[in-house]
Amino acid sequence: MITAYVNGQYVPLAEARVSPMDRGFLFGDGAYEVIPVYSRRAFRIDEHVARLANTLAAMRLANPHGAEEWKAIIGEIVARNPWDDQSVYLQVTRGADTKRNHAFPGPEVTPTVFLMSEPLVTPSAEQLATGVSAASAADIRWLRCDLKTVSMLANCLLRQHAIDKGCAETVLFRDSFLTEGAASSIFVCKDGVLLVPPKSHLMLPGITYDVVLELARAHGMTHEVREVLEAEVRSADELWMTSSTKEVLPITSLDGQPVGNGQPGPMGRQMYVWYQEFKQTVMRNGG
Ligand code: PDD
């Protein structure tokens with residue numbers, strides 16, 4: 001049984017209820033986080049809680065909980081669910097009013113807080129061995145992609161674009177520059193240099209993005225954080241997608257063309273090893 005949290009109550013997920021008048025349902029008016037949990041320790045919980053606070057502030061939605069309260073609720077959800085490695089989903093919406101109105105409701109309407117957890121599913125050995133395919137598309141999202149909001153229609157359409165083409169992810173370009181994936185950050189390797197676009201309003205500030213750059217720095221992998229041209233992506237030696245659940249996953253074909261020699265490359269293999277080492281020694285110990 002999966003235990004969920006709705007507005008102060010821990011309930012079986014199958015019994016969790018919110019109103020159809022909830023603004024998350026009517027308008028996609030909410031924020032979310034996905035937090036990986038290793039050996040029952042939520043990874044970079046402070047960073048996830050801070051990113052949530054940042055999204056809520058930009059949405060002009062008063063944060064219903066302080067950081068310590070959030071950490072206690074997340075800890076309780078982790079403890080009440082059966083898996084050692086989990087993926088905790090957390091969502092805050094602007095709540096349920098009695099009428100439908102785009103403008104914000106009054107202070108009597110309180111935010112809806114929902115959490116659930118799922119087993120953490122990371123890429124299979126086969127996916128890691130062969131890499132995955134990606135399609136590309138124009139980034140049709142809005143200009144606040146730095147916010148982790150539940151208004152996800154564009155991301156859903158873009159991910160489905162990949163699925164329809166038998167691919168795992170869609171790589172997004174805006175004005176001939178790389179932004180990110182439909183639900184991941186995208187790294188590029190070219191001539192021995194790891195490239196990734198800088199954080200901006202055009203991409204989600206990924207927690208895994210930070211980890212990968214920290215590992216590159218710590219181990220001395222040459223890297224540049226700068227705008228990356230679509231042409232550089234299309235002529236890359238390696239492409240990787242990264243996220244809390246995908247970790248570091250090689251993309252070995254883009255729009256039906258092989259990336260590099262069509263096999264996972266040495267820089268990605270190296271980063272994967274560093275990431276797993278970090279996971280076993282730091283993440284599993286609450287670092
Ligand atoms: N998505 N970019 C987008 C658009 C994302 O949706 C995600 C994660 C990332 C990677 O962020 P992080 O490294 O913090 O997981 C980048 C989550 C996993 C999701 O929506 O399920």
Engineer: With a cut-off of 6.0 Å (strictly less than), are more than 12 heavy atoms of other residues, nucleotides or ligands near CZ of Phe173?
Structural biologist: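 Correct, the count exceeds 12.
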Engineer: Kindly check if the number of other-residue, nucleotide or ligand heavy atoms within 6.0 Å of CD (Glu126) is above 12?
Structural biologist: no
Engineer: Side chains of Leu143 and Leu202: closer than 4.5 Å at any heavy-atom pair?
Structural biologist: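 They are in contact (side-chain heavy atoms under 4.5 Å apart), so the answer is yes.
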Engineer: Between Val92 and Phe114, is any pair of side-chain heavy atoms under 4.5 Å apart?
Structural biologist: no
Engineer: Backbone N or O of Leu158 within a donor-acceptor pair of the Thr170 side chain at under 3.5 Å?
Structural biologist: yes
Engineer: Strictly by modelled atom types, are Ser253 and Ser133 linked by a side-chain donor-acceptor pair under 3.5 Å?
Structural biologist: yes
Engineer: Is there side-chain contact between Val188 and Glu238, with heavy atoms separated by less than 4.5 Å?
Structural biologist: no
Engineer: Can any side-chain N or O of Asp139 pair as donor or acceptor with the backbone N or O of Arg174 at less than 3.5 Å?
Structural biologist: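 Judged by distance alone, no pair lies under 3.5 Å.
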Engineer: Report yes if the side chains of Cys145 and His201 come closer than 4.5 Å at any heavy-atom pair, otherwise no.
Structural biologist: no
Engineer: Ile74 and Val49: side-chain contact (heavy atoms from CB on, under 4.5 Å), yes or no, with the steps?
Structural biologist: CA-CA 10 Å; Ile74 294 162; Val49 167; 4.1 Å; yes
Engineer: Using a strict 4.0 Å threshold on nitrogen-to-oxygen distance, state whether Asp46 and Lys71 make a salt bridge.
Structural biologist: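 Looking at Lys71 together with Asp46, the answer is yes, because their closest N to O distance falls below 4.0 Å.
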Engineer: Would you please test Phe278 and Met283 for side-chain contact (heavy atoms from CB on, under 4.5 Å) and show each step?
Structural biologist: CA-CA 7 Å; Phe278 183 72; Met283 298 180 183; 3.5 Å; yes
Engineer: Does NZ or CZ of Arg94 lie under 6.0 Å from the centre of the six-membered ring of Phe27, at an angle within 45° of the ring axis?
Structural biologist: no
Engineer: Look at the side chain of Trp142 and the backbone N and O of Arg144, then say whether any donor-acceptor pair between them is shorter than 3.5 Å.
Structural biologist: yes
Engineer: Using only atom types and a distance under 3.5 Å, with no angle test, would you say the side chain of Tyr272 pairs donor to acceptor with the backbone of Tyr275?
Structural biologist: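 Side chain of Tyr272 to backbone of Tyr275, a donor-acceptor pair under 3.5 Å: no, none is there.
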Engineer: Hydrophobic clusters here meaning ILVMFWY residues chained together by side-chain heavy-atom distances under 4.5 Å, can you tell me if Val212 and Leu249 are in one?
Structural biologist: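 Unlinked, Val212 and Leu249 end up in two clusters.
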Engineer: For Met1 versus Pro82, what's the shortest heavy-atom pair and its separation?
Structural biologist: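 Here Met1 and Pro82 meet closest at O-CD, 4.1 Å.
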Engineer: Going by an N to O cut-off under 4.0 Å, is there a salt bridge joining Arg141 and Glu180?
Structural biologist: yes
Engineer: Grab the two heavy atoms, one from Leu128 and one from Pro123, that are nearest each other, plus how far apart they are.
Structural biologist: CD1-O, 4.0 Å
Engineer: Can you tell me how far apart CD (Gln91) and CG (Leu52) are? Round to the nearest 0.5 Å.
Structural biologist: 10.5 Å
Engineer: I'd like to know whether CG of Asp164 has more than 12 heavy-atom contacts from other residues, nucleotides or ligands below 6.0 angstrom.
Structural biologist: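 Count over threshold, so yes.
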Engineer: Please confirm whether the backbone N or O of His102 pairs with a side-chain atom of Arg23, one donor and one acceptor, at under 3.5 Å?
Structural biologist: yes
Engineer: If the threshold is 4.0 Å, N to carboxylate O, is there a salt bridge linking Arg41 and Asp84?
Structural biologist: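 A salt bridge is absent here (no side-chain N lies under 4.0 Å from a carboxylate O).
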Engineer: Are the side chain of Asn54 and the backbone N or O of Ala50 linked by a donor-acceptor pair below 3.5 Å?
Structural biologist: no
Engineer: Any idea which heavy atoms bring Ser117 and Val88 closest together, and the distance?
Structural biologist: OG-CG2, 3.9 Å
Engineer: Check whether Val171 and Leu204 end up in the same hydrophobic cluster, where Ile, Leu, Val, Met, Phe, Trp and Tyr are linked by side-chain heavy atoms less than 4.5 Å apart.
Structural biologist: no
Engineer: Does Asp255 pair with Lys165 as a salt bridge, N-O distance under 4.0 Å?
Structural biologist: no
Engineer: For Ser87, check side chain to side chain contact (heavy atoms under 4.5 Å, CB included) against everything at least two apart and list the hits.
Structural biologist: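 By the side chain to side chain contact (heavy atoms under 4.5 Å, CB included) rule, Ser87 matches Val34, Leu120, Thr245.
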Engineer: Walk me through whether His223 and Phe187 qualify under side-chain contact (heavy atoms from CB on, under 4.5 Å).
Structural biologist: CA-CA 10 Å; His223 59 280; Phe187 284 81; over 6 Å; no
Engineer: Got a salt bridge between Glu277 and Arg284, using NZ or NE/NH1/NH2 to carboxylate O under 4.0 Å?
Structural biologist: no
Engineer: When you measure from the side chain of Asp97 to the backbone N and O of Pro105, does any donor-acceptor pair fall under 3.5 Å?
Structural biologist: no
Engineer: Measuring from atom CG of Leu195 to atom CD1 of Ile186, what distance do you get when rounded to the nearest 0.5 angstrom?
Structural biologist: 13.0 Å
Engineer: In terms of heavy-atom contacts, does CZ of Arg226 have more than 12 from other residues, nucleotides or ligands at under 6.0 Å?
Structural biologist: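 Correct, the count exceeds 12.
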Engineer: With sequence neighbours excluded, tell me which residues meet side chain to side chain contact (heavy atoms under 4.5 Å, CB included) with Ala183.
Structural biologist: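 For Ala183 the side chain to side chain contact (heavy atoms under 4.5 Å, CB included) partners, ignoring immediate neighbours, are Arg159, Glu169.
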Engineer: State the OG1-CG distance between Thr242 and Leu213, to the nearest 0.5 angstrom.
Structural biologist: 9.0 Å
Engineer: Quick one: are Tyr209 and Val225 in side-chain contact, heavy atoms under 4.5 Å?
Structural biologist: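 They are in contact (side-chain heavy atoms under 4.5 Å apart), so the answer is yes.
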Engineer: Is the Tyr32-Tyr89 ring centre distance short of 6.0 angstrom?
Structural biologist: yes
Engineer: With distance as the sole test, does Gln276 use its side chain to make a donor-acceptor pair with the main-chain N or O of Val273 at under 3.5 Å?
Structural biologist: no
Engineer: Are the charged groups of Lys190 and Glu224 less than 4.0 angstrom apart, N to O?
Structural biologist: no
Engineer: Rounded to the nearest 0.5 Å, how far does OG of Ser244 lie from NE2 of His48?
Structural biologist: 4.5 Å
Engineer: Would you confirm whether Gln86, through its side chain, and Trp83, through its main-chain N or O, come within 3.5 Å as a donor-acceptor pair?
Structural biologist: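 Looks like yes, one N/O pair under 3.5 Å.
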Engineer: Does Trp70 share a hydrophobic cluster with Val78, counting links as ILVMFWY side-chain heavy atoms below 4.5 Å and allowing steps through other members?
Structural biologist: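 Yes; tracing contacts between hydrophobic side chains, which count when under 4.5 Å, links both residues.
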Engineer: Report the distance from atom CG of Leu56 to atom NZ of Lys148, rounding to the nearest 0.5 Å.
Structural biologist: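 Reported to 0.5 Å precision, the distance equals 13.0 Å.
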Engineer: Keeping Asp146 on the side-chain end and Met203 on the backbone end, is there a donor-acceptor pair under 3.5 Å?
Structural biologist: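 No, because the side chain of Asp146 does not come within donor-acceptor range (under 3.5 Å) of the backbone of Met203.
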Engineer: Are side-chain heavy atoms of Arg234 and Ser136 found at a separation under 4.5 Å?
Structural biologist: yes
Engineer: How long is the straight-line distance from SG of Cys189 back to CH2 of Trp240, given to the nearest 0.5 Å?
Structural biologist: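 Interatomic distance, Trp240 CH2 to Cys189 SG, rounded to 0.5 Å: 4.5 Å.
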Engineer: Measuring only between side-chain heavy atoms, which start at C-beta, is Glu76 closer than 4.5 Å to Ile73?
Structural biologist: no
Engineer: So, for Leu194 and Ala216, which heavy atoms are closest and what is the spacing to 0.1 Å?
Structural biologist: CD2-CB, 4.1 Å
Engineer: Are any non-hydrogen side-chain atoms of Thr110 and Pro64 less than 4.5 angstrom apart?
Structural biologist: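 Not touching, per the 4.5 Å side-chain cut-off.
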Engineer: Which pair of heavy atoms, one from Ala154 and one from Ile140, lies closest together, and at what distance?
Structural biologist: CB-CG1, 4.3 Å
Engineer: Any idea which heavy atoms bring Ala162 and Ala168 closest together, and the distance?
Structural biologist: CB-C, 4.1 Å
Engineer: What's the verdict on side-chain contact (heavy atoms from CB on, under 4.5 Å) for Asp191 and Asp237, showing C-alpha distance, side-chain angles and the deciding distance?
Structural biologist: CA-CA 7 Å; Asp191 299 328; Asp237 300 322; 4.0 Å; yes
Engineer: Apply salt bridge (Lys or Arg N to Asp or Glu O under 4.0 Å) to Arg17 and Asp22, showing your working.
Structural biologist: CA-CA 11 Å; Arg17 297 284 178 271; Asp22 194 277; over 6 Å; no
Engineer: Among the clusters formed by ILVMFWY side chains lying less than 4.5 Å apart, do Leu215 and Val193 turn up in the same one?
Structural biologist: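 No, no single cluster joins them.
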Engineer: Any salt bridge between Arg51 and Glu47, counting N to O under 4.0 Å?
Structural biologist: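 Glu47 and Arg51: not salt-bridged.
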Engineer: Give me the ring orientation class for Tyr38 and Phe43: parallel if the planes are under 30° apart, tilted from 30 to 60°, perpendicular past 60°.
Structural biologist: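 Aromatic pair Tyr38/Phe43 classed perpendicular.
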Engineer: Count I, L, V, M, F, W, Y as connected when their side-chain heavy atoms are under 4.5 Å apart, and connections chain through other members. Are Val211 and Met267 then in the same cluster?
Structural biologist: yes
